[in-house]
Amino acid sequence: MTGVAVLGYASLDHAMQLAAFHGPDATSVVTGRLSDEWPRPGGIAHHVRALRAAGADEVLPVSWVGPDAGGDAWTAALVAAGAATAGVRVCGTRTPSSYLMYAGDGGAVCVFDPADCHGDAGALTPAQQDAVRSAGWCLLAVAPQQATRDALALLPDGARLVWAVKHDAQAYPPDLVEALLARADVVSLSAGERPFLDRPGRALEERVRPGTLVVETRGAAGVHARLGGEADDVPVTPVTAVDTTGAGDTFVGTLVAGLLTLPAPLTLATARPALVAAAAAATDLIASRGARRTTPGPRTAPTEE
């Protein structure tokens, strides 16, 4: 088994800045676009590009796009990054889109349109199944629920699983959460997503199987990692955040690339260089976007969301 299968939604990201977000029944004015690309390839494109940039040789995206110009551009971005595209299904009429609004007062709003390209409720096609079966590692980002269930059933016993958590009760009902925690070798989440996984009297770390690395990003407070009874903290350099889109995905992709060559079982000592590199990659992404912002009034925010 070789390579890293990355399963999750595609997205065309429309990142914009607002002077302020005024909520429902009011007008919020866009003061600038936050990318030279409009839209910008998002979703698992962030994971894929981070994996390749950090040295992963074989990356196998498993996703869905529509037969439109956006889908062509999204797939072309994966090819440009050096990833295979046999697991990208073209279906329906349009590619998913995200509309990401960053307000000058520090707030953020994300609206996601999953579109109609997932066919059969997201069940994996034979080509997508082959990508999962052949992988030595599988990174599960948020995806149609059926696709996640299919991947869990197909993943070979010897393959290593990374769950990039998203607080999405529709994608992850309670039984699927338990199945993922029982199988994952690495669970990566943000501090804001912890309430989704903790249970009364049982923290996340008590619910994963022995030997699972649990990684929690805490914005400007850094990265907290726990494995068994040991814990480690990786500091980060706080930066002014204008557009944090994909920072968490970049963190996870870079982390997985750093873990690929480590022998099992993982330890915090052996995983620390990968954690440091991942935190730096996410911070650098945010800092570079702040440097090229097109409008005044950046928000001050943690280094990763």
Legend entry - Distance, nearest 0.5 Å, that separates NE2 of H46 from CG of L51: 13.0 Å
Legend entry - Verify same cluster id: L60, L154 (apolar side-chain graph, 4.5 Å): no
Inset, instruction - Taking only Lys NZ, Arg NE, NH1 and NH2, and the carboxylate oxygens of Asp or Glu, determine whether D233 and R272 approach each other closer than 4.0 Å. - result: no
Legend entry - For A287 against V239, the heavy-atom pair lying closest together: CB-CG1, 4.1 Å
Legend entry - Beyond-backbone contact of W163 with V177, side-chain heavy atoms, under 4.5 angstrom: yes
Legend entry - Sidechain-backbone polar pair: S63 side chain, G8 backbone, donor-acceptor under 3.5 Å: yes
Inset, instruction - Determine whether C110 and Y99 make a side-chain contact, defined as any pair of heavy atoms from C-beta on separated by less than 4.5 Å. - result: no
Legend entry - Audit row: M16, L100, side-chain contact (heavy atoms from CB on, under 4.5 Å) steps and yes/no: CA-CA 6 Å; M16 63 196 83; L100 305 129; over 6 Å; no
Legend entry - Side chain proximity check, V252 to T254, heavy atoms < 4.5 angstrom: no
Legend entry - Pairwise distance CG(D249) to NE2(H47) - rounded to 0.5 angstrom: 3.5 Å
Inset, instruction - To the nearest 0.5 Å, tell me how far D13 CG sits from L34 CG. - result: 11.5 Å
Inset, instruction - State whether the side chain of H14 and the backbone N or O of L12 hold a donor-acceptor pair below 3.5 Å, judged by distance alone. - result: yes
Inset, instruction - Determine, step by step, whether L176 and L152 satisfy the side-chain contact (heavy atoms from CB on, under 4.5 Å) criterion, reporting the C-alpha distance in whole Å, the side-chain angles of both residues, the deciding distance to 0.1 Å, and the verdict. - result: CA-CA 10 Å; L176 187 52; L152 274 178; 3.7 Å; yes
Legend entry - Flag, side chain of D168 to backbone of A171, donor-acceptor distance under 3.5 Å: yes
Legend entry - Closest heavy-atom pair and its distance - L266, L227: O-CD1, 3.3 Å
Legend entry - Common cluster, V29/M101, ILVMFWY with side-chain heavy-atom separation under 4.5 Å: no
Inset, instruction - Kindly state each residue pair satisfying ring pair (Phe, Tyr, Trp, His ring centres under 6.0 Å) with at least one member in residues 53-76, sequence neighbours excluded. - result: W64-H118
Legend entry - Closest non-hydrogen atom pair, A131 against A5: O-CB, 3.8 Å
Inset, instruction - Indicate yes or no: does R209 engage D185 in a salt bridge with an N to O separation below 4.0 Å. - result: yes
Legend entry - Flag side-chain contact, heavy atom, 4.5 Å: D150 against Q129: no
Inset, instruction - Can you measure from OG1 (T148) to CG (L124) and round to the nearest 0.5 angstrom? - result: 8.5 Å
Legend entry - Cationic N near anionic O, under 4.0 Å, E178 to R183: no
Legend entry - Criterion side-chain hydrogen bond (donor to acceptor under 3.5 Å, both in side chains) on D68 and T95, from CA distance to verdict: CA-CA 7 Å; D68 52 13; T95 299; 2.7 Å; yes
Legend entry - Nearest-0.5 Å distance, NZ of residue K166 to OH of residue Y172: 9.0 Å
Legend entry - Rounded distance [0.5 Å steps], CG in L285 versus CZ in R49: 9.5 Å
Legend entry - Side-chain touch L7/L139, heavy atoms, less than 4.5 angstrom: no
Inset, instruction - Would you indicate whether the side-chain heavy atoms of V4 and L260 approach each other to under 4.5 Å? - result: yes
Inset, instruction - Output yes when a side-chain donor or acceptor of T212 lies under 3.5 Å from a complementary backbone atom of V208, and no otherwise. - result: no
Inset, instruction - Could you tell me if the ring centre of Y9 sits under 6.0 Å from that of F112? - result: yes
Legend entry - Side chain E216, main chain A225, donor-acceptor under 3.5 Å: no
Inset, instruction - Could you tell me whether E206 atom CD has more than 12 heavy atoms of other residues or ligands within 6.0 Å of it? - result: yes
Legend entry - Nearest atoms (heavy-atom pairs only) where F196 meets V165: CD2-CG1, 4.4 Å
Inset, instruction - Would you check if the side chain of D116 reaches a backbone N or O of R94 as a donor-acceptor pair within less than 3.5 Å? - result: yes
Inset, instruction - I would like to know whether L213 and L268 meet side-chain contact (heavy atoms from CB on, under 4.5 Å); could you show each step before the answer? - result: CA-CA 8 Å; L213 174 64; L268 282 182; 3.6 Å; yes
Inset, instruction - Indicate, with yes or no, if V79 and V59 share a hydrophobic cluster defined by side-chain heavy-atom contacts under 4.5 Å among Ile, Leu, Val, Met, Phe, Trp and Tyr. - result: no
Legend entry - Pair L181-V187, side-chain contact (heavy atoms from CB on, under 4.5 Å): steps then yes or no: CA-CA 8 Å; L181 294 181; V187 176; 4.2 Å; yes
Legend entry - Sub-4.5 Å side-chain heavy-atom contact between L140 and V162: no
Legend entry - Check: G87 main-chain N/O paired with Q128 side-chain donor or acceptor under 3.5 Å: yes
Inset, instruction - May I ask whether F251 and V186 are part of the same hydrophobic cluster, defined by side-chain heavy atoms of I, L, V, M, F, W, Y residues being less than 4.5 angstrom apart, directly or through others? - result: yes
Inset, instruction - Look at the side chain of S11 and the backbone N and O of G42, then say whether any donor-acceptor pair between them is shorter than 3.5 Å. - result: no
Inset, instruction - Indicate yes or no for a side-chain donor-acceptor contact from R52 to the backbone of D57 under 3.5 Å, with no hydrogens or angles considered. - result: yes
Legend entry - Any E58 side-chain heavy atom under 4.5 Å of W137 side chain: no
Legend entry - Donor-acceptor under 3.5 Å (T85 side chain, V88 main chain): no
Legend entry - For V48 against P61, the heavy-atom pair lying closest together: CG2-CG, 3.9 Å
Legend entry - Ion pair R207/E205, N-O distance below 4.0 Å: no
Legend entry - Nearest heavy-atom neighbours spanning A279 and V236: CB-CG1, 3.7 Å
